[in-house]
Amino acid sequence: METFVDGIAWLFDSANWQGPNGVAVRLVEHVWLTVASVLIACALAIPVGLWLGHIGKGGALAINVSNVGRAVPVFAVLSILILTPLRFSVWSTIIALVLFAIPPVLTNTYVGMREVDRDVVDVARGMGMDGGQLLRVVELPLALPLLTNGVRLAAVQVVATATIAALVGGGGLGRIITSGFGRRDLPQIVAGAILVGVLALLVEGLMELVQRRFDPLRRARRAESRAGSDAVAAVTGS
Amino acid sequence: MPRVALGGHAATLADDCILRNEWVCPAYVVSRRDDLAAALGEHVYITVVALALGTLVAFGLALVARRWRRLQGVVLGTSTALYTIPSLALFSLLLPILGSLGAAGLSATTVIIGLVLYSLTILVRGILTGLDAVPADVREAAVGMGYSPRRLLWRVELPLALPTVFASLRVAAVSTVALTTVGVLVQHGGLGNLIDRGQSSNFKPEVLTASVLCVVLAVVADLLILGAERLLVPWRRSVA
């Protein structure tokens, strides 16, 4: 238990926050790697997912990419990238992060598009909407909850993957843990682990808020349930 | 000519792709098969023990969550929060609990406990979903036939929940195999140890061979569990 206290004390020592290997630098590194990778993954995966979902093809690809992503170890991909001409550049890390962020975004976007009620799509077509309008006005808003869920999963995944980059000499908060191992400094290891854990939980919470904001049907659903309970109240006379 | 004499040496010829440091190198697999077997053995051991323990604990937790509904939110919330914490941090946080940086901390046990904690999120959810999906009619019929709660669970609810339980077990197995590599942090990552050694000494065949073995192991685990499901849930075969 006292090691945890030592770890927290390590976090409150301002000396550990300064310098090129300090917490501040590593935290900024971790956050920008995460943001950049999630954005790149979204830019690649969302259009493909929307398009495959819109034309209703490539389902096996969109679903299986997630299974493959689960089976391939992050550490293996990072190690392989390090031995390519990319070497220890920041691109090795970013490519690995993007590769592991694509599956959840792609799969969720596709499933979100396919789960749009077929009747609604037919009605929209009957009203004379063309493919582009259908996608923009009907399918995309209805697929948005699952799409943002995919982005949330990707963000959490990337925060975790970015720590593993430290095992092969990449940047980010994982470095505090690995350098703690190098110096056999248990309080530093624990402090790094607490930082990484707190960051991951923060990102998860933040993305959950974003997800709720981006749910266009939330207000409608709430109004509906209120109307529903009013109706029940009217019927039962309570 | 000395060149011919050298070339005539079978070992030198076979070792060529090792010397050239090529990604794909059968000679590496042959000459380091003992290393590969040892790493694979550790990988399988860690994965199997973690999955077995994870399944047992998950069943216990799922039954507790079903018996006391109020605990369900706590159980699901805690396991989801644990899943959010990156593996590198989770393994590290187990160190002070297991006894510092000594032999106890830097052991396969640290990795196994971490992996058990991760598998819980997937397995508890899968078991609860499976049990909750049992049709109420079926349950009522069994109760009407005089089934005790325990018999109801073992004879009716669990068998009907098996397809969902197996689906979650497959997901847990595949991700456990992949996550085991991160155990290299405490020097017990199975094939991850070889990937680490190859990467730090710039030895391409070692990194690629160990990585491919990892993926193969995940696929084999997936297929084995699928096979077990076919055996244990025979009524599904006729449906599908």
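Protein chains get the first letters and strands the later ones, always in sequence-line order, with residue 1 at the start of each. Not measured: the values here are computed from a predicted model.
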Note to self: Less than 4.5 Å to any heavy atom of chain A: does that hold for the side chain of B:Phe203, its backbone, both, or neither?
What the structure shows: backbone
Item checked: Close contacts, residues 190-206 of chain A versus chain B, judged by heavy atoms under 4.5 Å -> A:Val190, A:Ala193, A:Ile194, A:Val196, A:Gly197, A:Ala200, A:Leu201, A:Glu204
Checklist line | Nearest heavy-atom neighbours spanning A:Leu186 and B:Pro96 | finding: CD2-CA, 4.5 Å
Item checked: Which atoms of A:Leu83 approach chain B - backbone, side chain, both or neither, heavy atom under 4.5 Å -> both
Notebook entry, point to check: Which atoms of B:Asp222 come close to chain A, meaning under 4.5 Å heavy atom to heavy atom: side chain ones, backbone ones, both, or neither?
Noted result: neither
Notebook entry, point to check: Hey, is CZ on A:Arg87 packed in by over 12 heavy atoms from elsewhere, all under 6.0 Å?
Noted result: yes
Next item on the list: Look up atom CG in B:Leu93 and atom CZ in A:Phe4, then write down how far apart they are to the nearest 0.5 Å.
Entry: 5.5 Å
Margin query: How about CZ on B:Arg69, more than 12 heavy atoms from neighbouring residues, nucleotides or ligands closer than 6.0 Å, or not?
Written below: yes
Checklist line | Heavy-atom proximity to chain B below 4.5 Å, by part of A:Ile177 | finding: side chain
Next item on the list: Select one option (side chain, backbone, both, neither) describing which atoms of A:Val156 are under 4.5 Å from chain B's heavy atoms.
Entry: side chain
Check: Is any residue of residues 165-179 of chain B within less than 4.5 Å of chain A by heavy atoms, and which ones?
Finding: B:Val171, B:Val174, B:Ser175, B:Ala178
Notebook entry, point to check: If you count heavy-atom pairs under 4.5 Å with chain A, which of B:Asn21, B:Val186, B:Leu88 comes out on top?
Noted result: B:Leu88
Item checked: Member of A:Ile82, A:Leu167, A:Leu78 meeting the side chain to side chain contact (heavy atoms under 4.5 Å, CB included) criterion with B:Gln199 -> A:Ile82
Checklist line | Shortest non-hydrogen separation from A:Ser79 to B:Ile195 and the atoms involved | finding: OG-CG2, 3.2 Å
Next item on the list: Between chain B and each of A:Val77, A:Ile189, A:Ile80, count heavy-atom pairs under 4.5 Å; write down the option with the most.
Entry: A:Ile80
Margin query: Counting C-beta onward and ignoring hydrogens, is there a side-chain heavy-atom pair between B:Ser87 and A:Val74 closer than 4.5 Å?
Written below: no
Notebook entry, point to check: Between B:Leu191, B:Asp196, B:Thr180, which residue shows the highest count of heavy-atom pairs closer than 4.5 Å to chain A?
Noted result: B:Asp196
Note to self: By the definition side chain to side chain contact (heavy atoms under 4.5 Å, CB included), identify the one residue from B:Leu185, B:Thr181, B:Val182 that meets it with A:Ile164.
What the structure shows: B:Val182
Check: What residue, out of B:Leu90, B:Leu208, B:Val207, has the most heavy-atom pairs lying under 4.5 Å from chain A?
Finding: B:Val207
Checklist line | Verdict with supporting geometry, A:Thr84 and B:Trp23, side chain to side chain contact (heavy atoms under 4.5 Å, CB included) | finding: CA-CA 10 Å; A:Thr84 64; B:Trp23 287 108; 4.2 Å; yes
Margin query: Could you measure the distance from the OG atom of B:Ser92 to the CD1 atom of A:Ile176? Nearest 0.5 Å is fine.
Written below: 11.5 Å
